[in-house]
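Just so you know, ligand 1 is whichever comes first in the structure, and atom 1 is the first atom listed for that ligand. For clarity, every value in this text was computed on a predicted model and none was experimentally measured.
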Amino acid sequence: MYTLIDGKAIAAEMRSEIKRGVDGFKAERNREIGLAVVLVGENPASKIYVKNKIKACEEVGIKSYAYYLPENAPQSAVEELVSGLASDDNIDGILVQLPLPAHLDSVKVLSFIPTDKDVDGFSVENIGKLAMGEKCLVACTPNGVMKMLEYYGVELTGKRAVVVGRSNIVGKPMALLLLNANATVTVCHSKTRDLKAECLKAEVLVAAIGKEKFITADMVKEGAVVIDVGMNRDENGKLCGDVDFETVKDKCSYITPVPGGVGPMTITMLMYNTLQSALFRR
Ligand code: GUN
């Protein structure tokens with residue numbers, strides 16, 4: 001029998017805790033906490049994410065500042081906006097929604113976000129600190145996964161963890177966090193030889209691939225903890241993850257659903273990082 005990891009419930013609990021932190025900050029410092037959200041263009045998924053991030057800000061009492069630039073905005077306009085926010089004392093966190101339109105250099109844009117306002121944890125310095133096991137702002141989705149595992153008391157020391165996907169946003173920081181938690185970590189990707197054999201070794205399996213129902217029951221070890229980071233639509237347009245939940249669930253000790261698993265945690269960790277940034281910003 002498997003246990004369903006209820007991301008929605010953990011997120012709700014964390015959000016009320018964060019709200020208390022935000023209220024305390026405001027009372028003590030006599031100012032708002034500000035999060036700037038930058039969206040360039042019309043990507044429909046990005047628009048929904050940004051809307052949900054702004055809604056979460058309202059819920060915990062963080063003041064959001066939304067900036068919408070047109071699809072054809074030149075590199076210089078985006079850089080100017082972000083450098084203005086970098087030096088604005090009312091802004092504690094800056095988030096540039098990715099992906100940016102293809103003509104823009106994302107790495108260069110992100111380089112204008114100061115490390116201590118980098119609430120996505122995407123900066124070279126924050127990733128570097130994470131790799132060195134130092135305190136830093138950590139990418140929201142993988143940090144949310146760690147909170148879920150912690151909440152359910154999943155022990156990681158000495159465990160075989162397999163991360164499928166090597167993106168800068170999820171796969172790589174996820175692997176670093178698991179490694180810092182003393183797991184034995186394997187990172188798999190599209191060029192991995194015999195992916196099934198690698199996945200079958202996983203006591204903790206994190207799927208961050210971006211392909212609907214990619215992880216099937218024959219790839220999962222009996223008793224595994226399965227974390228599904230995917231957010232896809234199935235053939236009927238229904239939201240689904242990277243894991244074929246219906247066939248995989250009975251092999252698991254713990255499994256996250258989609259929706260209601262990792263998703264609600266990602267935005268919660270953004271609120272958490274914004275509060276951290278306000279508290280500890282240099
Ligand atoms: N696009 C997909 N996920 C994310 C995220 O966590 N942060 C930002 N900024 N863009 C994303």
Side-chain angles (χ1 to χ4, degrees), residues 7 11 14 34-57 62 64-69 71 73 78-79 81-82 85-86 91-102 104-115 117-127 130 136-148 163 165-177 206-211 227-233 239 241-242 256 258-259 261-274 276-277:
M14 277 194 76
L35 173 65
V37 181
V38 177
L39 176 60
V40 185
E42 302 289 334
N43 181 312
S46 290
K47 279 173 147 175
I48 295 170
Y49 289 137
V50 163
K51 202 176 97 195
N52 289 338
K53 288 171 184 179
I54 291 169
K55 208 170 121 217
C57 282
I62 290 174
S64 63
Y65 300 81
Y67 297 89
Y68 301 99
L69 295 183
E71 185 80 32
V78 188
E79 289 178 6
L81 172 61
V82 176
L85 297 166
I91 301 295
D92 296 288
I94 304 170
L95 178 147
V96 176
Q97 188 62 33
L98 301 178
L100 288 172
L104 295 171
D105 179 343
S106 309
V107 174
K108 183 126 186 285
V109 168
L110 296 181
S111 75
F112 284 83
I113 302 176
T115 307
K117 293 189 178 186
D118 171 35
V119 287
D120 258 330
F122 292 168
S123 73
V124 170
E125 196 176 330
N126 276 322
I127 295 276
L130 181 63
C136 60
L137 289 164
V138 181
C140 300
T141 299
N143 207 15
V145 170
M146 295 306 283
K147 291 278 177 202
M148 296 169 101
V163 179
R166 56 173 158 178
S167 70
N168 291 332
I169 294 179
V170 181
K172 285 182 200 165
M174 187 76 251
L176 289 170
L177 285 165
V206 180
I209 306 147
K211 287 191 182 146
I227 305 290
D228 190 349
V229 179
M231 189 74 89
N232 315 297
R233 299 267 168 199
L239 205 59
D242 290 349
T256 61
V258 176
V262 176
M265 290 301 290
T266 294
I267 295 185
T268 302
M269 296 315 292
L270 175 66
M271 301 298 109
Y272 174 84
N273 280 354
T274 308
Q276 296 302 307
S277 171

**Study point:** Contact atoms of ligand 1, heavy-atom distance to K53 under 4.0 Å
**Key:** 7 (N), 8 (C)

Review point. Considering only heavy atoms, does V96 approach ligand 1 within less than 4.0 Å through its side chain, its backbone, both, or neither?
Key: backbone

Review point. Which residue owns the protein heavy atom closest to atom 4 (C) of ligand 1, what's the atom, and how far is it?
Key: Q97 NE2, 4.1 Å

Point to revise | Verdict with reasoning, L100 to L98, per side-chain contact (heavy atoms from CB on, under 4.5 Å) | key: CA-CA 5 Å; L100 288 172; L98 301 178; 4.1 Å; yes

**Study point:** Selected option - heavy-atom contact closest to atom 7 (N) of ligand 1, from D120, L100, I94
**Key:** D120

Check your understanding: Counting heavy atoms only, which part of F122 comes closer than 4.0 Å to ligand 1: side chain, backbone, both or neither?
Key -> side chain

Point to revise | Member of L104, V78, L39 meeting the side-chain contact (heavy atoms from CB on, under 4.5 Å) criterion with L69 | key: V78

Point to revise | atom 10 (N) of ligand 1: nearest protein contact (heavy atom, Å) | key: L98 N, 3.0 Å

**Study point:** Derivation and outcome, side-chain contact (heavy atoms from CB on, under 4.5 Å), residues M231 and L239
**Key:** CA-CA 7 Å; M231 189 74 89; L239 205 59; 3.9 Å; yes

Review point. Who pairs with V37 by side-chain contact (heavy atoms from CB on, under 4.5 Å), at least two apart in sequence or on another chain?
Key: L35, V50, L95

Review point. Quick one: does M231 get within less than 4.0 Å of ligand 1, heavy atoms only?
Key: no

Point to revise | Step-by-step side-chain contact (heavy atoms from CB on, under 4.5 Å) determination, D120 to L110 | key: CA-CA 10 Å; D120 258 330; L110 296 181; over 6 Å; no

Exercise for review: Without swapping roles, check the side chain of T256 against the backbone of I227 for a donor-acceptor pair under 3.5 Å.
Suggested key: no

